[in-house]
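I have placed the structure first, in the form of structure tokens, so that the comments after it can refer back to it.
We use all heavy atoms of the structure for the numbers below, so side chains are in, but hydrogens, waters and symmetry mates are not. For reference, positions follow the sequence shown, starting with 1.
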Amino acid sequence: MFDLHKTPIGIYEKALPNAFSWKEKMLAAKKAGFDFIEISVDESDERLARLDWTDEEIGEVRRLMDETGIGFSSMCLSGHRRFPFGSKNPETRKKAYEIMEKGIILAQKLGIACIQLATYDVYYEESDAETEALFLQGMKDSVAMAAKAGVILAMEIMDTAFVGTILRATHYLRAIPSPYFKIYPDMGNLTQFSSDPESEFELGMPDIVAVHVKETKPGVFKCVPFGTGTVRFADLFRKLHDLGYEGRFMIEMWADNDKTYTVDEAAEIIAEARRFVIDKMHQGGYTDVN
């Protein structure tokens, strides 16, 4: 049973080996003490294929959620990095809309309340005023679909300058005022693009639905071990606590898929990261986690 009296902490699916079955991923997350997994639908053909899961496949995943007690509270829908709304290629934009529609339907069927969006106008193309305008229209159309399904779309504060800060996200929040369009800050990304991430959290507080906890250092946004980067975790947790943030945190890290792990070995790796984060949370005033 989900504990409504403690701050929930989740783990990114990619922190667990790709070779694991869903049951193995869920068991490892449970053993490590996590409350949920954030499912990934990235730009790879393998993960994009999840958008076409049958009702029987979805039913089996839901059965495993019930069996293990680990569900998906959010979806990282980063397939739009490959198929962005801002592309000048109409076929690419058509694919972006298809991914969004299927992602919302999948989220609804899996009981996922929030889809985290990769906030790029384009990634593999040159950005300009036209790509930005196309992206904005894509967001407007996406929010209209999500609202009908009761699913929140949340812009991740990204690893590029386009929306690397909450301040830059406010342009889109103002343009699309909706309870179904919010933001999902990443502590690591925000640290690299803002000299004052605490003030960024204060600015975005009314629209924050979840927070990524990730280590980074200048120019390096992935696979930085906790404690070796430049993110001031205790200070950022303290600011969020003082602002009254009581929502979910999700630890973002990546498994070494060149190695073979048992469930227990994978669980210990993510449990070590969880212990590091909880220590910083305690320093920041979050005493309801252990």
Side-chain angles (χ1 to χ4, degrees), residues 2-12 32-36 38 73-74 76 113-114 116-117 119 152-159 161 163-174 177-218 221 224-253 270-290:
F2 199 83
D3 187 348
L4 297 178
H5 300 285
K6 74 167 190 171
T7 300
I9 304 175
I11 186 70
Y12 187 37
F34 287 96
D35 300 298
F36 63 92
E38 182 167 274
S73 78
S74 54
C76 176
C114 174
Q116 174 226 295
L117 301 176
T119 319
I152 294 171
L153 301 184
M155 295 181 289
E156 183 182 8
I157 304 306
M158 297 303 300
D159 54 358
V163 182
T165 66
I166 292 172
L167 179 61
R168 292 171 189 161
T170 58
H171 165 70
Y172 296 98
L173 293 173
R174 287 195 299 267
S178 170
Y180 295 97
F181 193 51
K182 298 296 177 182
I183 56 173
Y184 195 142
D186 182 305
M187 288 184 173
N189 295 343
L190 195 57
T191 293
Q192 302 312 322
F193 286 108
S194 173
S195 60
D196 187 2
E198 285 92 339
S199 68
E200 293 276 336
F201 281 132
E202 189 165 352
L203 173 67
M205 182 61 194
D207 295 296
I208 296 173
V209 293
V211 177
H212 271 169
V213 183
K214 183 181 73 176
E215 182 70 278
T216 57
K217 56 187 178 182
F221 294 90
V224 179
F226 282 104
T228 68
T230 58
V231 181
R232 296 181 288 104
F233 289 108
D235 293 338
L236 298 184
F237 281 122
R238 184 175 300 109
K239 182 62 176 181
L240 287 166
H241 182 268
D242 290 348
L243 289 170
Y245 177 75
E246 296 180 350
R248 298 180 173 205
F249 291 100
M250 201 282 294
I251 294 177
E252 186 173 21
M253 55 187 290
I270 60 175
E272 182 180 357
R274 186 179 181 276
R275 289 190 289 270
F276 174 90
V277 169
I278 285 178
D279 177 62
K280 301 301 182 183
M281 291 178 74
H282 287 168
Q283 293 177 42
Y286 284 96
T287 58
D288 62 343
V289 289
N290 52 53

Partner set under side chain to side chain contact (heavy atoms under 4.5 Å, CB included) for H282, not counting sequence neighbours: I278, V289
Which residues pass the side chain to side chain contact (heavy atoms under 4.5 Å, CB included) test with F276, not counting sequence neighbours? F226, F233, K280
Among all residues two or more places apart in sequence or in another chain, which pass the salt bridge (charged side-chain N to carboxylate O under 4.0 Å, His left out) test with R275? E268
Would you call E198-R238 a salt bridge at under 4.0 Å N-O? no
Any V224 side-chain heavy atom under 4.5 Å of K214 side chain: no
Can you list the residues that meet the ring pair (Phe, Tyr, Trp, His ring centres under 6.0 Å) rule with Y180, with sequence neighbours excluded? none
By side chain to side chain contact (heavy atoms under 4.5 Å, CB included), which residues pair with A154, not counting sequence neighbours? C114, Y184, V209
Considering only heavy atoms from C-beta outward, does the side chain of M281 approach that of I9 to under 4.5 Å? yes
Could you list the residues that satisfy side chain to side chain contact (heavy atoms under 4.5 Å, CB included) with T165, not counting sequence neighbours? L167, R168, L190, F193, S194, E200
Determine, step by step, whether H212 and Y12 satisfy the side chain to side chain contact (heavy atoms under 4.5 Å, CB included) criterion, reporting the C-alpha distance in whole Å, the side-chain angles of both residues, the deciding distance to 0.1 Å, and the verdict. CA-CA 9 Å; H212 271 169; Y12 187 37; 5.7 Å; no
Apply salt bridge (charged side-chain N to carboxylate O under 4.0 Å, His left out) to D207 and K182, showing your working. CA-CA 5 Å; D207 295 296; K182 298 296 177 182; 2.9 Å; yes
Mind telling me whether F249 and Y286 have parallel, tilted or perpendicular rings, with 30° and 60° as the class edges? perpendicular
